[in-house]
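One-based numbering, in listed order, for ligands and for the atoms of each. Being a predicted model, the structure only gives us computed values, none of them experimental.
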Amino acid sequence: MKLAIIGTGNMGGAIARGLIAAGSWQAGDLLCTVKSDSGLSRLQATLPGVKAGRDNRQAAREADIILLAVKPWFIGSVIEEIRPVLDFKRQLIISVAAGISLCELEELLAAPEEAEKPILFRAIPNTAVEVLDGVTFICRQNATDEQTAQVHDLFAALGYTLVTDEQHLAAGTALASCGIAFAMRYIRAAMEGGVELGFRPEEAARIVEHTVHGAAGLLLQSGLHPEVAIDKVTTAGGITIRGLNAMERSGFTAAVIDGLKASR
Ligand SMILES: NC(=O)c1ccc[n+]([C@@H]2O[C@H](COP(=O)([O-])OP(=O)(O)OC[C@H]3O[C@@H](n4cnc5c(N)ncnc54)[C@H](OP(=O)(O)O)[C@@H]3O)[C@@H](O)[C@H]2O)c1
């Protein structure tokens, strides 16, 4: 099985590194392309062992699964370039390009007289796929359950993966892709607070990173609602509830929800 990654930049590279780290793909089975000479040098340095190149057609011809990971505004020209070598009977096509719908992709891919329809997926992963703790949303067009399971399994090696309908992708992107930045902003804010409370910046950074990681781990392991888990660490009249209430007075929950709605 060969996977072509057309456009191996931040996201394509994160997926490739994640798949290799997870052990679900051998580097030699990944056919990774970029546009520029500098991109190719970077690719060879950061993803040793993959078949790196600039020939999209060759990569697409050899692959069983083709992952389109160029910027959205290059999707049309890349599809035009690889279209003559695609075989819709055997190849799955996945686009990670934000904002390009399955219908638009199908229109770009299919010639009007073409009887065979492309087996198409949109996947929206977040950058944490690189550390195998990502979130990926998948939706499909013209795909069987078996083909969908194949694409699900590809991303499931990189973290939590949800097959959903296309309408949910914008909300999913806000929650999980923008959510990485939102979570990091909380971490930065807590770090700055930690420094004011007397820790050195690097100590504060590690403390907060592990605290956030641990909080997520506790919820994932227990399946508890966060508020139930909060009750467990909140003593009546104690310091935790004072801190929580002070944060809420400054609009913590409302700020998070407003941010998510603005991103969507
Ligand atoms: N970053 C995220 O969190 C995220 C999340 C979900 C989805 N996405 C989607 O992922 C896609 C890529 O975003 P990115 O942040 O990874 O962009 P990026 O870092 O700029 O990577 C794009 C890559 O595409 C290559 N490229 C450009 N034109 C090409 C062509 N004609 N043939 C082959 N390769 C070509 C570039 O090559 P050079 O290196 O030579 O310039 C670059 O390596 C976007 O569509 C975006 O919507 C990103």
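- Not one N or O of Asn126 is nearer than 3.5 Å to an N or O of ligand 1, by distance alone.
- By the 3.5 Å distance cut-off applied to N or O atoms, Asn10 is counted among the residues near ligand 1.
- Nearest non-hydrogen protein atom to atom 7 (C) of ligand 1 is Val96 O, 3.1 Å.
- Given atom 11 (C) of ligand 1, the protein heavy atom at minimum distance is Val70 O, 3.4 Å.
- Atoms of ligand 1 found under 4.0 Å from any heavy atom of Ala98 (numbered from 1 in listed order, with element): 45 (O), 47 (O).
- Using a 4.0 Å cut-off between heavy atoms, Arg42 contacts ligand 1 through its side chain alone, with no backbone atom that close.
- Distances from atom 22 (C) of ligand 1 to the heavy atoms of Gly12, Cys178, Ala69 put Ala69 nearest.
- Contacts of Ile75 with ligand 1, taken as heavy-atom pairs under 4.0 Å, are absent altogether.
- Close approach to Thr33 involves these atoms of ligand 1, each under 4.0 Å from a residue heavy atom: 33 (C).
- Of the protein's non-hydrogen atoms, the one nearest atom 38 (P) of ligand 1 is Ser36 OG, 3.6 Å.
- Nearest to atom 3 (O) of ligand 1 among the protein's heavy atoms is Thr127 CG2, 3.6 Å.
- When only non-hydrogen protein atoms are considered, atom 4 (C) of ligand 1 lies nearest to Met11 CE, 3.5 Å.
- Looking at Asn56, Ile180, Asp37 and measuring to atom 33 (C) of ligand 1, the nearest heavy atom belongs to Asn56.
- Here the side chains of Ser263 and Thr173 are not in contact, with every heavy-atom distance at 4.5 Å or above.
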